[in-house]
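Note on naming: letters A, B, ... go to the chains in the order of the sequence lines (proteins, then strands), and numbering restarts at 1 for each one.
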Amino acid sequence: MINRNPQLDAQGALQHLLTTEGLPAAILLQILDTAESFVGVTERDVKKVPLLRGKSIFNLFFEPSTRTRTTFEIAAKRLSADVINLNIAVSAQSKGETLLDTVNNLSAMNADMFVVRHSQSGAAHLIAKHVRPDIHVINAGDGSHAHPTQALLDMFTIRRYKQDFRKLRVAIIGDILHSRVARSQIHALTTLGVPEVRVIAPKTLLPKMVERLGVHVYHDMTKGLKDIDVLMMLRLQKERMQGANLPSQEEYFKYYGLTSEKLALARHDAIVMHPGPMNRGVEIDSAVADGKQSVILPQVTFGIAVRMAVMSILAGQSVAKGIE
Amino acid sequence: MQLPDAEAAYKNLSAQIRADHEKDFSLVGIRTGGAWVAERLHRELANAKPLGLLSTSFHRDDFAKIGLHTQTKPSEIPFDVNGAHILLIDDVLHTGRTIRAAINELFDYGRPASISLAILVDRHGRELPIAAQYSGTAFDLPQDEMLELQQNEQGKFSFRLYRKSRSE
């Protein structure tokens, strides 16, 4: 097997989580099912289980992030792991250390797992290829490439509200071009058997040949939202507004901002999702964000259970080879 | 090897618990075999308190050896553990490690007034200082033999013997 998926070990079990692309449905479902058992932990007197007791997890954030870093930290702590947060954007790299030197140093401190966020696509892959085989790497977002745990928590949320993936029409709306979230969502949705995935965006915010990912392309919300069960909104990054991609925030909101009127075009029981942080009045109207169909806050809660599932599966995999 | 009769063991266990009816237990079964025994006891003893079901997967001491068991459903404890007299129920008592994990799991929900242990069969071979207050039957089994409870469509119990595979 020359082109083996770098995320899987020789037995086909998950070794690293780098992208949802190419992951078999069985592994995606294993993560969702495991997360299901962690949801209840948060409601107990003791909000902690001892599975990762004595393990050291390093949060390597080469790019600023509050929410993702915090949910990874909470997930690790609820599994009883020790968490070390490194804000590398302002430490070693600014002193000239290379990425792999940083990783070597942290490995020498007996790390068991790295959670990596980096502005460069492929950074987590590079680290995964480089580390000792007993160290696991989780990609917490690399460039505009992938953000697999976000996509997995989105899948978990969809399954909670809509049960069967094979009956759904899902629309991803907004800045697909720059979005690692959208790419990971598309791969996960198609692998899990969603028959129709649409992307709705202006031409300037769509990657070339996006149809090759198996999605239907719409430029118009009125047509694109018809019969939709799940709306996955994307964040419009304000820094992109300065370029030539879009005329203005007001213009964008007028055509692609999700208002109650536009939401009424989808199915009456459709759910609205957003990975956060939201730009109210740019990609989503407050009435929708706080409305009855919004599942944006449950997404955040489920994100912890999903990250606990990924971490415990990876840690359990160190020695669990082909049992059961 | 002659296996004990699981139905006779169940009737014996049920009679012992019935004789102690003033104890006012909240029943908690360990998934999956212990849950079957607990469900049947809960029904036949007409216990008025809600039945709890426990998964031990978060507290198992062999996580580092065999990983997480995702097949089992999570714990469901539909009552306040604080101050409750709990009767913990399992099918087979062997090393005592499952019971240790179950007690840890229960304490994650609160501080019970007491925990007693009821088991269908004691196959001996304890590795921890754990003993059952109620036991259906007991016999000796070599370490590499595994004993498993089965339940047929009519809800009747039987034991099955299998050999531990080398990979475990």
Side-chain angles (χ1 to χ4, degrees), chain A residues 9 11-15 26-56 75 77-81 112-113 134 136 152 156 160 305-324, chain B residues 26 28 30-33 35 50 52-84 86 97-113 115 144 146 148 162-168:
Chain A
D9 66 14
Q11 283 78 37
L14 199 66
Q15 168 79 7
I27 291 209
L28 298 180
L29 291 171
Q30 181 197 6
I31 295 169
L32 301 189
D33 291 344
T34 305
E36 210 56 72
S37 66
F38 285 120
V39 171
V41 170
T42 316
E43 290 149 19
R44 301 181 184 185
D45 266 21
V46 178
K47 294 174 191 52
K48 231 173 160 65
V49 294
L51 291 175
L52 266 62
R53 199 159 59 109
K55 303 283 182 203
S56 299
K77 286 181 171 169
R78 296 227 168 122
L79 292 167
S80 306
D112 295 291
M113 208 178 284
D134 59 317
H136 305 280
L152 283 162
F156 186 88
R160 271 270 168 145
V306 167
R307 287 171 178 128
M308 287 171 79
V310 171
M311 287 176 172
S312 60
I313 288 169
L314 290 175
Q317 223 67 268
S318 307
V319 268
K321 300 296 183 196
I323 291 173
E324 289 197 68
Chain B
S26 293
V28 174
I30 299 174
R31 292 185 193 276
T32 43
L53 299 174
L54 212 58
S55 157
T56 58
S57 42
F58 293 152
H59 287 279
R60 290 181 63 100
D61 58 13
D62 52 6
F63 172 71
K65 257 160 68 187
I66 64 170
L68 194 64
H69 293 239
T70 49
Q71 292 84 357
T72 46
K73 290 193 200 158
S75 299
E76 293 168 47
I77 307 293
F79 57 86
D80 188 3
V81 165
N82 289 296
I86 287 173
R97 288 177 191 268
T98 301
I99 305 303
R100 195 279 308 161
I103 293 171
N104 276 129
E105 176 83 1
L106 271 176
F107 273 78
D108 284 353
Y109 289 87
R111 182 177 185 274
I115 302 177
D144 59 340
M146 303 296 284
E148 186 184 68
Y162 64 99
R163 201 168 284 276
K164 216 174 184 175
S165 68
R166 221 168 260 158
S167 62
E168 286 177 75

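- Each of B/D108, B/I77, B/V81 was checked for a side chain to side chain contact (heavy atoms under 4.5 Å, CB included) with A/R44, and the lone residue meeting it is B/D108.
- A 4.5 Å side-chain heavy-atom check between A/P50 and B/H59 finds at least one atom pair inside the cut-off.
- Only the backbone of A/K48 comes within less than 4.5 Å of a heavy atom in chain B; its side chain stays farther off.
- Proximity to chain B (any heavy atom under 4.5 Å) is shown, for A/V39, by neither the backbone nor the side chain.
- Only the side chain of B/N82 comes within contact range of chain A, judged by heavy atoms closer than 4.5 Å.
- Here the straight-line distance linking atom CZ of B/F58 with atom CE of A/M308 works out to 6.5 Å at 0.5 Å rounding.
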